[in-house]
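First up is the structure itself, then whatever we jot down about it.
Since this is a predicted model, take the numbers as computed values, not measurements. Each chain gets a letter, A, B and so on, in the order its sequence line appears, and its residues count up from 1.
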Amino acid sequence: MRKACCNKDGRSKGPWSKEEDQKLIDYIKLHGDGCWHSLPKAAGLDRCGKSCRLRWMNYLKPDIKRGNFAQDEEDLIIKLHALLGNRWSLIAGRLPGRTDNEVKNYWHSHIRKKLICMGIDPNNHKIYHHHHIHDVYSSKNLSNSLGNPNADDHVMHENTMTRNIKEDTSSTLDLNLNMP
DNA sequence: AAAAGTCTCAACCGCCATTCC
DNA sequence: TGGAATGGCGGTTGAGACTTT
């Protein structure tokens, strides 16, 4: 995505090429991950350790699940966000195969807007304008704006989410969260 | 058909915590 | 003990894709 720009230490930046990806994969297959600072040199990469770590953690790791989030994953993110706030790595830790970056992106691009559209404040998960919810659900615009042709599904989903949020206090144990 | 506006998401930045010497 | 190095995280950016006008 982002093009390479000036860099203090002269290393490459910006999008990873297939060759760079392959070098990183090959190296980690042989030696395992960790020691990110010395990895680039050892792997023959003109990148900083941080960049290698990020690329591996978010894209190259073999168990990463890419693509659309399932409904239950989305519900879980909302539930966990209500409990934990913007602690994306902790939230991602409860979603097998998902990374903190992906969860964070999905939150900002999809879930946040959805909650706002439902009249739920995404920061504190409180319903801030109940009439708005009613208006939204009585309007055909909702299904268009959310990309779902069946508005009834959204009413049901909103009910599920509202219920989830209400259950938050009792759900901490169910989720078995290990708070640091 | 094309210009303008909006959205998505890969990647960077800066800060903080931990580890090392 | 303390400063430097390193790892990890959340916030933010911006190119390119997509949609609307």
Side-chain angles (χ1 to χ4, degrees), chain A residues 1-25 27-28 31-71 73-118 120-125 136 139-149 151 154 157 175 177-180:
Chain A
M1 283 280 177
R2 184 181 288 192
K3 279 225 169 71
C5 57
C6 60
N7 190 9
K8 307 172 224 175
D9 56 11
R11 290 177 195 272
S12 297
K13 288 172 78 175
W16 280 63
S17 67
K18 284 194 170 170
E19 291 73 27
E20 287 179 307
D21 280 349
Q22 202 52 56
K23 276 184 184 177
L24 186 56
I25 292 165
Y27 182 87
I28 291 175
H31 304 95
D33 62 0
C35 197
W36 296 106
H37 180 70
S38 59
L39 186 148
K41 200 178 175 186
L45 286 160
D46 184 33
R47 294 269 179 178
C48 68
K50 262 187 170 184
S51 182
C52 294
R53 180 189 161 271
L54 198 74
R55 185 67 185 168
W56 175 255
M57 295 295 198
N58 285 330
Y59 298 96
L60 302 177
K61 247 168 99 173
D63 54 341
I64 285 174
K65 201 195 287 178
R66 311 304 308 277
N68 294 341
F69 280 71
Q71 189 59 63
E73 287 181 300
E74 191 176 310
D75 290 343
L76 187 56
I77 292 170
I78 293 165
K79 205 168 183 176
L80 289 168
H81 187 271
L83 284 167
L84 305 169
N86 298 353
R87 298 169 76 178
W88 305 114
S89 67
L90 217 53
I91 294 171
R94 313 299 303 181
L95 292 152
R98 299 296 188 184
T99 69
D100 53 355
N101 211 30
E102 205 180 6
V103 170
K104 181 171 58 182
N105 280 334
Y106 191 71
W107 172 267
H108 283 120
S109 60
H110 295 92
I111 300 176
R112 226 177 145 266
K113 285 174 201 163
K114 225 171 192 177
L115 292 178
I116 289 167
C117 205
M118 289 169 175
I120 297 169
D121 186 335
N123 298 315
N124 57 22
H125 296 256
V136 164
S139 156
K140 286 195 171 181
N141 288 337
L142 174 72
S143 47
N144 293 334
S145 65
L146 297 178
N148 186 333
H154 280 283
H157 183 217
L175 294 167
L177 294 170
N178 292 316
M179 299 292 287

Can you check nucleotides 3-6 of chain C for protein contacts, nitrogen or oxygen pairs under 3.5 Å, and list what you find?
{"from": "dT6(C)", "atom 1": "OP1", "to": "H37(A)", "atom 2": "NE2", "distance (Å)": "3.1"}
{"from": "dT6(C)", "atom 1": "OP2", "to": "H37(A)", "atom 2": "ND1", "distance (Å)": "3.3"}
{"from": "dT6(C)", "atom 1": "OP2", "to": "H37(A)", "atom 2": "NE2", "distance (Å)": "3.0"}

How many Å lie between CD1 on I64(A) and P on dC9(B), as a whole number? 15 Å
With sequence neighbours left out, the residues meeting ring-ring contact (aromatic ring centres under 6.0 Å, His included) with W107(A) are H81(A), W88(A), H125(A)
Below the 4.0 Å mark, does dA10(B) have OP1 or OP2 next to a side-chain nitrogen or oxygen of R66(A)? yes
Measure from the side-chain heavy atoms of N86(A) and tell me the nearest of dA11(B), dG10(C), dC13(B). dG10(C)
side-chain N/O S89(A) vs dC9(C) OP1/OP2, d < 4.0 Å: yes
Spacing between W16(A) atom CH2 and dA15(C) atom C1', to the nearest angstrom: 19 Å
Does Y27(A) have any side chain to side chain donor-acceptor pair (under 3.5 Å) partners at least two apart in sequence or in another chain, and if so, which? none
Salt bridge (charged side-chain N to carboxylate O under 4.0 Å, His left out) involving D33(A) - partner list, sequence neighbours excluded: none
Measure NE2/H110(A) against C1'/dT6(B) and give the value in whole Å, please. 13 Å
To check you understand the geometry: which heavy-atom pair defines the closest contact between L24(A) and C52(A), and what is its length? CD2-O, 3.6 Å
Under a 4.5 Å cut-off applied to non-hydrogen side-chain atoms, are F69(A) and I111(A) in contact? no
Could you tell me which non-hydrogen atom of I91(A) sits nearest to which non-hydrogen atom of L84(A), and how far apart they are? CG1-CD1, 4.0 Å
Counting only non-hydrogen atoms, which of residues 53-62 of chain A are less than 4.0 Å from DNA chain B? L54(A), R55(A), Y59(A)
Restricting to pairs with a member in residues 16-25 of chain A, which pass salt bridge (Lys or Arg N to Asp or Glu O under 4.0 Å), not counting sequence neighbours? E20(A)-R47(A), D21(A)-R55(A)
Let me know the distance between CG of L80(A) and P of dG10(C), rounded to the nearest Å. 13 Å
For E73(A), side chain to side chain donor-acceptor pair (under 3.5 Å) partners two or more places apart: K65(A), R98(A)
Taking CD1 from I111(A) and C1' from dT8(B), how many angstroms apart are they, rounded to a whole number? 14 Å
Where do N or O atoms of nucleotides 15-18 of chain B meet protein N or O atoms at under 3.5 Å, pair by pair?
{"from": "dC15(B)", "atom 1": "N4", "to": "K50(A)", "atom 2": "NZ", "distance (Å)": "3.1"}

How would you list, by chain and number, every residue that makes a side chain to side chain donor-acceptor pair (under 3.5 Å) with R53(A), sequence neighbours excluded? none
Check this one for me: any side-chain N or O of R112(A) less than 4.0 Å away from OP1 or OP2 of dC7(B)? no
Grab the two heavy atoms, one from P40(A) and one from C48(A), that are nearest each other, plus how far apart they are. CG-C, 3.9 Å
Between L39(A) and I28(A), is there a side-chain heavy-atom distance shorter than 4.5 Å? yes
What pairs with K41(A) under side chain to side chain donor-acceptor pair (under 3.5 Å), at least two apart in sequence or on another chain? none
Grab the two heavy atoms, one from T99(A) and one from A92(A), that are nearest each other, plus how far apart they are. C-CB, 3.6 Å
Near DNA chain B, counting only heavy atoms under 4.0 Å, which residues of residues 99-109 of chain A show up? N101(A), N105(A), S109(A)
Using whole Å, what does the distance between atom P of nucleotide dA10(B) and atom CZ of R98(A) come to? 12 Å
CE/M57(A) to CD1/I64(A) distance, rounded to the nearest 0.5 angstrom? 9.0 Å
